[in-house]
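All chains are named by letter (A, B, ...) in the order of the sequence lines, taking the proteins before the strands, and each is independently numbered beginning at 1.
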Amino acid sequence: MIHLYDSLEGEVRELALRDEGRVAIYLCGPTVYDLPHLGHGRHALVWDVLRRWLTFEGLEVNFVSNVTDIDDKIIARAALEETSEEAVAASNEDEWWRAMEALGVAPPTHTPHATAFVAEMIALINELLALDVAYQLDDGVYFDVSRVGDYGRLSGQSLESLRAGARVEANEAKRSPLDFTLWKNAKPGEPTWEAPFGAGRPGWHTECVVMSLALLGEGFDLHCGGLDLKFPHHENERAQASALSRAFATHWAHHGWVMVGEEKMSKSLGNFTSLTDLLASTDPRAYRLLVLRSHYRSPIEVTPETIADAERSLERIDAFARRFSLAPLAGERMERASDHDFSGPAAMLHTRIQSALEDDLDTPQAIAKIFDAISQTNVAADRGDVRGAAQMARAVAALLGALGLRLHASLDEVDETSADLATKRDGARAAGDFAEADRLREELSQRGWVIEDGPHGSTLRRT
RNA sequence: GGCGGCGUGGCCGAGUGGUUAGGCAGGGGCCUGCAAAGCCCCGUACUCCGGUUCGAAUCCGGACGCCGCCUCCA
């Protein structure tokens, strides 16, 4: 079973499952007020890889990731664009799923929307009020953090030190500056729901507690998200569940940032590249490879250089896929180890990848092992071990599929003129007219093709 | 102020108390009509200063530099 760093315990430990053979994961999804950026891309890719791997290993993964479709920023954006909150949320959510599809991120098992769970959130806030863990002020309902014994545990900080670092609050009436909003009272023109404690809308921290418990049940296995959600968002989710004596996530995992230069990429800093822009200009698989080859908890640098590096690296994989005519696995469908043959020389490869990934999702190690296997397979084939090489190659394809990295083995569709030029060149070579052959190769190159001569004739591929 | 992280070869980026990370780029060679792909070989490394140790880039202490969270944020 996989071992993951648990942010709550501060150590790598086995992911203990509530139900044998089944994993229940909750991932905090996007607030759809703007285009997704590179950071969201990493977020989606990291947890997609985890999910695919667990599935590959035969577990039934219930992967829930929400969409926050009501929030201050959506309201602000709607006002700015003179449109409705629904329209802002819908268009950005569409953009999100388009980007996810391009990245090869499989859709979650469930995608709850905050606005569909308002009744449940109201019920939860009511319970908290009844327990006097929540209190009402002029502008809404607040959660009293002092009522939770271990508040701050996830952040690794005491209540006192958190309080010391807290900035000056707008609402001085709060019992503690750390108290957070459960419900915001209605303001004119804003989306509003009726509630016993006043018309208004939910605060951000309640939706994830409600939806995770509703869809995954108490004591679900893993709650994950970006490091920036650890505090206050995840701390606050935990606090609410704890106040209600409901068993919450048993394991917490957080991934690191995408960096721009020496700074975190974030919307508030404005230093972000949208996923849409990236995907328009590069092979989406390059970004997945870039993410895979560094550890999920480390920061990654995404620059034109690192992307180009990953693209060239991908080229080695694709050349391998062409050589062995490998099928492009991965995509919406999730691979399972049981559907593949890991006998013979492939068994050790599978084991190596397994131990790498089970050790806190060590994808860089796994990728290195895959590149090792690619070299070994090429050597075997050069040596004439066709059978062994083919077996290894299929195992490599299956494991890349398990990581969601799609191969590009199929040859590009060749237009008639180019195909014609290639045929002419083959003829010129056969006739020993190498000057003409080189001229035709140059012409093909101008048209964007690389020609490779093999034992069974030449093939064309896109540059 | 509190808490946490990082500093590796031309670049990216892992890992480990002594034995090859991996990729990209570069040099040499094999193969090829020449290429491409593939294969073989090669170089430069662990911020600095102390300490522990037979041995540290890896453990401990200190210094310097950098980053993040403590406010919305993947």
A:Asp179 and A:Lys174 have their tightest heavy-atom pair at O-NZ, 2.7 Å
For this session: Determine whether the side chains of A:Arg316 and A:Ser375 contain a donor N or O and an acceptor N or O closer than 3.5 Å.
Result: yes
TODO: Kindly indicate whether the side chain of A:Asp228 and the base of B:G68 share any N or O donor-acceptor pair separated by less than 3.5 Å?
DONE: no
Item to check | Euclidean distance for P, B:A37 against B:C46 (whole angstrom) | outcome: 33 Å
| request: Could you tell me whether a side-chain N or O of A:Asp69 sits under 3.5 Å from a main-chain N or O of A:Ala89, the two making a donor and an acceptor? | output: no
Taken in chain and number order and not counting sequence neighbours, the residues that satisfy ring-ring contact (aromatic ring centres under 6.0 Å, His included) with A:Tyr296 are A:Trp47
| said: For the P atoms, the ones on B:C42 and on B:G22, what distance do you get once it is rounded to whole angstrom? | reply: 12 Å
By nearest-heavy-atom nucleotide on RNA chain B, the more 5' of A:Ser158 and A:His233 is A:Ser158
B:U47 and B:A56, which share atom name P, separated by this distance in whole Å: 15 Å
- Query: Taking atom types as they are modelled, is there a donor-acceptor pair under 3.5 Å from the base of B:A35 to the side chain of A:Arg441?
  - Reply: yes
By centroid distance (under 5.5 Å) and plane angle (under 30°), are A:Phe434 and B:G33 in a stacked arrangement? yes
Taken to the nearest whole Å, CG/A:Leu405 to P/B:G23 is 15 Å
Need one value for A:Arg42: base, sugar-phosphate or nothing, where a base atom within 4.0 Å counts as base even if backbone is also close, heavy atoms only. nothing
message = Taking B:G38 as the reference, what is the distance to B:A25 when you measure between their P atoms (whole Å, please)?
response = 10 Å
Indicate yes or no for a side-chain donor-acceptor contact from A:Asn378 to the backbone of A:Ile374 under 3.5 Å, with no hydrogens or angles considered.
yes
Between B:U44 and B:G33, how far apart are the two C1' atoms, rounded to whole Å? 37 Å
Can you find an N or O donor on one side and an acceptor on the other, under 3.5 Å apart, linking the side chain of A:Lys267 with the base of B:C73? no
A:Asp438 atom CG is separated from B:A36 atom P, nearest whole Å, by 12 Å
Checklist entry - Looking across every strand, which nucleic acid part, if any, lies under 4.0 Å from A:Ser266 by heavy atom: base, sugar-phosphate, or nothing? => result base
Per-nt protein contacts along nucleotides 27-32 of chain B (heavy atom under 4.0 Å; B base, S backbone sugar-phosphate only, - none) come out as ------
Here RNA chain B, pairs taken as Watson-Crick or G-U under 3.5 Å and shown with ( ), [ ] when crossing and | when to another strand, reads (((((((..(((.....[...))).(((((.......)))))....(((((..]....))))))))))))....
What does A:Ala319 touch in the nucleic acid at a heavy-atom separation under 4.0 angstrom: a base, only the sugar-phosphate, or nothing?
sugar-phosphate
Result for side-chain contact (heavy atoms from CB on, under 4.5 Å) between A:Tyr287 and one of A:Leu275, A:Thr282, A:Leu279 points to A:Leu275
Rounded to whole Å, NZ of A:Lys230 lies from P of B:U71 at a distance of 15 Å
Integer angstrom distance from the C1' of B:C70 to that of B:G61: 28 Å
Pairwise P distance for B:A14 and B:C72, with rounding to whole Å:
30 Å
### Query
Contact class for A:Met259 vs. all strands (heavy atom < 4.0 Å): base, sugar-phosphate, or nothing?
sugar-phosphate
Whole-Å distance, A:Leu35 CG to B:C73 C1', equals 16 Å
- Item | Short side-chain N/O contact from A:Arg322 to OP1 or OP2 of B:A36, under 4.0 Å | no
Numerically ordered, the residues 374-383 of chain A set in heavy-atom contact under 4.0 Å with RNA chain B is A:Ser375, A:Asn378, A:Val379, A:Asp382
Taken to the nearest whole Å, CZ/A:Phe231 to C1'/B:C72 is 13 Å
Please report the distance separating the P of B:C41 from the corresponding atom of B:A21, rounded so that it comes out in whole Å.
14 Å
In whole angstroms, the gap separating P of B:C72 from CZ of A:Phe272 amounts to 19 Å
Taken in chain and number order and not counting sequence neighbours, the residues that satisfy ring-ring contact (aromatic ring centres under 6.0 Å, His included) with A:His205 are A:Phe180, A:His233
note: A:Glu263, atom CD; B:C67, atom C1'; distance rounded to Å ~ 9 Å
Margin query: So A:Lys73, base contact, sugar-phosphate only, or nothing? Heavy-atom distance under 4.0 Å.
Written below: base
Which of B:A36, B:G2, B:G38 is nearest the side chain of A:Gln157? It is B:G2
Quick one: label A:Lys264 by what it contacts on the DNA or RNA (base, sugar-phosphate, nothing), any heavy atom closer than 4.0 Å.
base
### Message
Is it the case that the side chain of A:Arg288 and the backbone of A:Gly404 share a donor-acceptor pair, with hydrogens and angles ignored and the cut-off at 3.5 Å?
### Response
yes
Taken to the nearest whole Å, CG/A:Leu400 to P/B:G23 is 14 Å
Testing B:A25, B:C73, B:G33 for proximity to the side chain of A:Arg425, the answer is B:G33
Per-nucleotide protein contact along nucleotides 9-17 of chain B, 5' to 3', at a 4.0 Å heavy-atom cut-off (B base, S sugar-phosphate only, - neither), is ---SSS---
- Evaluate side-chain contact (heavy atoms from CB on, under 4.5 Å) for A:Tyr135 paired with A:Asp144, printing each intermediate quantity in order. CA-CA 7 Å; A:Tyr135 57 93; A:Asp144 184 344; 3.9 Å; yes
